[in-house]
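Written out below as structure tokens is the structure these notes cover.
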2 protein chains.
Amino acid sequence: MVKVRRDTGKAVERLRAVGLRPTRQRVELASLLFRNGDRHVTAESLHDEASGLGLKISLATVYNTLHQFTHAGLLRQVVVDASRGYFDTNTGDHQHFFLEDEGTLIDIPGEEITVAGVPQPPAGLSVDRVDVVVRVRRG
Amino acid sequence: MVKVRRDTGKAVERLRAVGLRPTRQRVELASLLFRNGDRHVTAESLHDEASGLGLKISLATVYNTLHQFTHAGLLRQVVVDASRGYFDTNTGDHQHFFLEDEGTLIDIPGEEITVAGVPQPPAGLSVDRVDVVVRVRRG
DNA sequence: CAATAGTTTAGAACTATTCTAAAGTAAGAG
DNA sequence: CTCTTACTTTAGAATAGTTCTAAACTATTG
Ligand SMILES: [Mn+2]
Ligand SMILES: [Mn+2]
Ligand SMILES: [Zn+2]
Ligand SMILES: [Zn+2]
């Protein structure tokens, strides 16, 4: 008989696959982040969520973990707000609606949206990525 | 005989036109910002520039002034970096290259670049603006 | 188990930005 | 002009998000 608290197995595998030790904290955060579909979190929102579920983890570790996951390719960062950093579990080609009133992000699939007419970058530089943010408000 | 230290007259007019008192500090900053073509500044870069020219102005006033100019429609803000806020003297329709290594912005005219296929925003919300950031690096 | 490299964390430190409240100044009235 | 007042500037304190430090802890391997 195996005792399973949560769907922790997949998280452990996922961590091992990218060369990260499956510590309790990393497994718990990975479970929260990758359980369902795509998510957009800030360090503090994720920390609050974990704390609210009774998980014991420091904010510093949440920051460390989000960066490690990002460097491992499990997450990407999204810049939409000068005062908060967002992390996105969807690392594929896509763009965002940003609800300025709520501070929330909604994905726009990469197949739906297109950017045309990007001029050639200045000499010696190459395009790293093209980000589109559609800012929306009530009204 | 009129003593003119700088091209200060246009700045004074511009401030009066938007209902801002032409104080020494606002006139000096407006002169720096709007003298030549388009500029992209951070509060600190503008403060450094002013200080370097021997102008006496506090960083708090630079922040105040940049926000007042923005609210008056003389500037707009650009979000490209989670750790710094940029202000843009070009308030027209355009997008940006962001040189991630240097932290500098280059305009892309609005007529050159196009975004197609933006889905309808969620119910009750309307599009405020669409921002495109083309992130470029050496290589 | 023991040894060790990697990890977590409390709290200090940092950085960009905003706030406070006291001193200074532009603008209109007289 | 000069007075009066509302607006402005500013030094320094305060915030907020994030990173750093270094000491305690733990996953992994032999
Ligand atoms: Mn990083
Ligand atoms: Mn503002
Ligand atoms: Zn996304
Ligand atoms: Zn611009």
Side-chain angles (χ1 to χ4, degrees), chain A residues 8-9 11-32 40-51 54-72 74-75 77-87 103 105, chain B residues 8-9 11-32 40-51 54-72 74-75 77-87 103 105:
Chain A
T8 256
V12 171
E13 285 170 39
R14 199 187 293 252
L15 291 172
R16 287 229 163 83
V18 297
L20 288 171
R21 281 193 191 175
T23 63
R24 174 178 61 77
Q25 291 86 341
R26 297 210 273 231
V27 170
E28 289 172 347
L29 292 182
S31 297
L32 290 180
H40 303 94
V41 302
T42 63
E44 207 166 1
S45 79
L46 184 59
H47 182 250
D48 288 351
E49 179 180 347
S51 303
L55 306 180
K56 216 200 149 217
I57 185 169
S58 74
L59 183 56
T61 296
V62 173
Y63 274 105
N64 289 343
T65 303
L66 287 172
H67 282 131
Q68 291 154 356
F69 285 9
T70 300
H71 295 147
L74 300 178
L75 294 175
Q77 279 186 274
V78 183
V79 178
V80 284
D81 185 323
S83 71
R84 282 170 198 288
Y86 286 81
F87 292 83
L105 288 164
Chain B
T8 255
V12 171
E13 285 170 39
R14 198 188 293 254
L15 290 172
R16 287 229 162 84
V18 297
L20 288 172
R21 281 193 190 175
T23 64
R24 173 177 63 75
Q25 292 85 340
R26 295 209 273 229
V27 170
E28 289 173 347
L29 292 182
S31 297
L32 290 181
H40 304 93
V41 302
T42 63
E44 206 164 3
S45 78
L46 184 59
H47 182 251
D48 288 350
E49 179 180 346
S51 303
L55 306 178
K56 216 201 148 217
I57 184 168
S58 75
L59 182 57
T61 296
V62 173
Y63 274 105
N64 289 342
T65 302
L66 288 172
H67 281 131
Q68 291 155 356
F69 285 9
T70 300
H71 294 147
L74 301 178
L75 293 176
Q77 279 185 274
V78 183
V79 179
V80 284
D81 184 325
S83 71
R84 283 171 197 288
Y86 286 81
F87 292 84
L105 289 164

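Keep in mind that this is a model prediction, so the values were computed, not measured.
- Distance alone, capped at 3.5 Å, is enough to place a donor-acceptor pair between the A/His47 side chain and the A/Ile57 backbone.
- For the pair A/Tyr86 OH and D/dT18 C1', the interatomic distance rounds to 15 Å; values are reported in whole Å.
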Can you check ring-ring contact (aromatic ring centres under 6.0 Å, His included) on A/His67 and A/Phe87, steps first, answer last?
CA-CA 9 Å; A/His67 282 131; A/Phe87 292 83; 5.8 Å; yes

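- The side chain of A/Arg84 places no N or O atom within less than 4.0 Å of a non-bridging phosphate oxygen (OP1 or OP2) of C/dA16.
- Protein atom CG of A/Leu55 is 16 Å distant from nucleotide atom C1' of C/dT9, rounded to whole Å.
- Between B/Pro22 and B/Ala43, the one whose closest nucleotide on DNA chain C sits nearer the 5' end is B/Ala43.
- Within 4.0 Å (heavy atoms only), B/Thr42 reaches no atom of the nucleic acid at all.
- Here C/dT8 presents its C1' atom at 14 Å from CZ of A/Phe69, a figure rounded to the nearest Å.
- Between A/Thr8 and A/Ser31, the shortest heavy-atom distance links the atoms OG1-OG, 4.1 Å.
- With sequence neighbours left out, A/Ser83 forms a side-chain contact (heavy atoms from CB on, under 4.5 Å) with A/Asp81.
- OP1 or OP2 of D/dT18 sits under 4.0 Å from a side-chain N or O of A/Tyr63.
- Not counting sequence neighbours, the partners of A/Glu49 by the salt bridge (Lys or Arg N to Asp or Glu O under 4.0 Å) test are A/Arg39.
- Separation of atoms OG1 (A/Thr65) and CG (A/Leu75) is listed at 10.0 Å; rounding is to 0.5 Å.
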Check: protein-nucleotides 22-24 of chain D nitrogen or oxygen pairs below 3.5 Å:
none

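- The distance between atom CG of A/Leu15 and atom C1' of D/dT28, rounded to the nearest whole Å, is 15 Å.
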Readout for nucleotides 5-15 of chain D: B = base within 4.0 Å of protein heavy atom, S = sugar-phosphate only, - = neither; 5' to 3' it is --BSSBS----

Just list the side-chain donor-acceptor pairs under 3.5 Å for residues 23-30 of chain B, sequence neighbours left out, or say none.
unit_1  : atom_1 : unit_2  : atom_2 : d
B/Thr23 : OG1    : B/Arg26 : N      : 3.2
B/Arg24 : NH1    : B/Glu28 : OE1    : 3.4
B/Arg24 : NH1    : B/Lys56 : O      : 2.9
B/Arg24 : NH2    : B/Lys56 : O      : 3.3
B/Arg26 : NE     : B/Arg21 : O      : 3.0
B/Arg26 : NH1    : B/Gln68 : OE1    : 2.9
B/Arg26 : NH2    : B/Arg21 : O      : 3.4

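- Rounding to the nearest 0.5 angstrom, the gap separating the CG atom in A/Leu66 from the NE2 atom in A/His71 is 11.0 Å.
- Here the C1' atom of nucleotide C/dT17 and the CG atom of B/Asp81 are 14 Å apart, to the nearest Å.
- For B/Thr42, the side chain to side chain donor-acceptor pair (under 3.5 Å) test picks out B/Ser45, with sequence neighbours left out.
- Close to C/dT18, at under 4.0 Å from its OP1 or OP2, lies a side-chain N or O of B/His67.
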